[in-house]
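First listed ligand is number 1; within each ligand, the first listed atom is number 1. Residue indices begin at 1 and follow the sequence shown.
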Amino acid sequence: MTLTSTLPAPDTAAQQHSEQLLNHIKQKITDAGGKLTFAEYMNLCLYAPGLGYYSAGSYKLGKHGDFTTAPEISSLFSRTLACHIKDVFQQLEQKNILEFGAGSGKMAADILQKLEADHCLPEHYYIIEASADLRQRQAVAIKKHIPHLFDRVEWLEIIPENFSGVILANEVCDAMPVHCLHFNNGKVNELHIENKGSMLQWCEGELSQPLLADLAAEIQSVIGNIDYTTEVNLAAEAWIASLADNLKCGAIFVIDYGYDQKNYYHPQRDKGTLMCYYQHQGHDNPLILQGLQDMTAHVNFTSLAQSAIDNGLEVVGFQSQADFLLAGGILELSSSDSDTDEWLMLQQANEIKQLTLPSEMGENFKVLTLGRNLEQVLPRVLLADRRYSL
Ligand SMILES: C[S@@+](CC[C@H](N)C(=O)[O-])C[C@H]1O[C@@H](n2cnc3c(N)ncnc32)[C@H](O)[C@@H]1O
């Protein structure tokens, strides 16, 4: 954890941008009668049109941004994912891909290139992206890297009905707005945000939705009577339900950092999992740098799996990212690439370490595989399968 006092100062233009968003948020708080839920606040910070972190024009991903994701670290990640996609495609007549939150567009380009090389292209590669700015960047990047495949890529607002194919979401659920709950002595309050002079501050209030009361009772039974703050991602559960409503046949790969329920509500995680990232420094204060920093919360995979089951999907695998990539053949892909190129071999060895070592992304990141109407098992997602822990 980094102290916020050691964060680099934003330049004047960035400060002005952030102040504009802060004023917009303060007005929303006033309009709402004095407070917003943290989920409403996080939604504005990340997605307020033209101002939010993902909706405005700064570059977020990669070494010049605020954080790096697996597809940005190495094309091996996306190409290995393509091998898992091929396993699903073998069972489908209509082969499509739908990627949520496609970031820079690199994963889409790398997957399509690999599937083209393997003569297994999808009919369509759909993208649903919350940020208009990122949609534009994705189109530019995909056109540049795979111009001949560009006409297969299409940006949609909502998931097509009766979708047949593979749905992908890498680091998307962690970017969905969360509600924050505070448990104390058997009582639960929701954490809200209110104005305080020119700044903002936390305040406690009643639960904003009846659904939160049911979930709070469940959480209370896991944590017991201790002082505990945690997050609830209602948006991710609703998102799974919307996928279930529209997936006719195929699989969903949800890749993110997070835990099964027992570890999510571990006594040591009594301050929750909310984190902010600004220029590659992590810290825990979401009330600063509005629109300039990323905000995320870890994913509770047990609750995602439960939503999937409640909505008629099958949970077909739950693996660490390391096991998912090893089962997908990342080592074989790398050795066939770098057969004769020693420099490439070293570079890829380093990338594989970042993606698979437990101290890097290998263990914190998990892959939840969901399915509908698949006639055969997906053998690769059964390697070191941990569904028992959900
Ligand atoms: C942390 S970034 C990850 C980007 C990319 N998947 C990667 O791995 O590099 C989160 C992405 O999800 C998008 N996003 C968040 N919620 C979304 C939603 N409900 N539907 C579509 N995109 C969403 C954001 O705009 C952003 O592109």
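For atom 19 (N) of ligand 1, the closest non-hydrogen atom on the protein side is Met176 CE, 3.9 Å. In terms of protein heavy-atom proximity, atom 18 (C) of ligand 1 is closest to Ala130 CB, 4.2 Å. Scanning the protein heavy atoms around atom 10 (C) of ligand 1, the nearest turns out to be Glu171 O, 3.2 Å. Atom 8 (O) of ligand 1 has as its closest protein heavy atom Asn170 ND2, 2.7 Å.
Leu76 and Leu325 fall within a single hydrophobic cluster, where Ile, Leu, Val, Met, Phe, Trp and Tyr are joined by side-chain heavy atoms under 4.5 Å apart, directly or via other members. Hydrophobic clustering (ILVMFWY, side-chain heavy atoms < 4.5 Å, transitive): Leu168 and Val367 are in one cluster.
Around atom 15 (C) of ligand 1, the closest heavy atom drawn from Tyr54, Phe100, Tyr47 belongs to Tyr47.
The aromatic ring centres of Phe38 and His192 sit 6.0 Å or more apart. Tyr278 and His283 have their aromatic ring centers separated by at least 6.0 angstrom.
At least one test fails for Lys366 against the ring of Phe301: distance under 6.0 Å to the centre or angle within 45° of the axis.
Any N or O atom pair closer than 3.5 Å counts here, and Glu129 shares at least one such pair with ligand 1. The shortest N or O to N or O distance between Gln138 and ligand 1 is not under 3.5 Å. Close N/O approach between Gly101 and ligand 1 is found [any backbone or side-chain N/O within under 3.5 Å].
Near Ile128, the atoms of ligand 1 lying under 4.0 angstrom from a non-hydrogen atom of the residue are 21 (C), 22 (N). Numbered from 1 in the order shown, with element, the atoms of ligand 1 that lie under 4.0 Å from a heavy atom of Leu134 read 25 (O), 26 (C), 27 (O). Near Pro71, the atoms of ligand 1 lying under 4.0 angstrom from a non-hydrogen atom of the residue are 8 (O). Close contacts of ligand 1 with Thr69, meaning ligand atoms under 4.0 Å from a residue heavy atom, involve 7 (C), 8 (O), 9 (O). Ligand 1 places these atoms under 4.0 Å from at least one heavy atom of Gly103: 4 (C), 5 (C), 27 (O).
Below 30°, between 30° and 60°, or above 60°: for Tyr47 and Tyr54 the angle between ring planes is below 30°, a parallel geometry. Aromatic ring orientation, Phe100 versus Trp239: perpendicular (interplanar angle above 60°, classes split at 30° and 60°). Between His124 and Tyr126, the angle of the ring planes stays under 30°, which puts this pair in the parallel group of the 30/60° scheme.
Under 4.0 Å from ligand 1, not a single heavy atom of Trp239 appears.
The shortest heavy-atom contact between Val299 and Asp174 is CG2-N, 3.9 Å.
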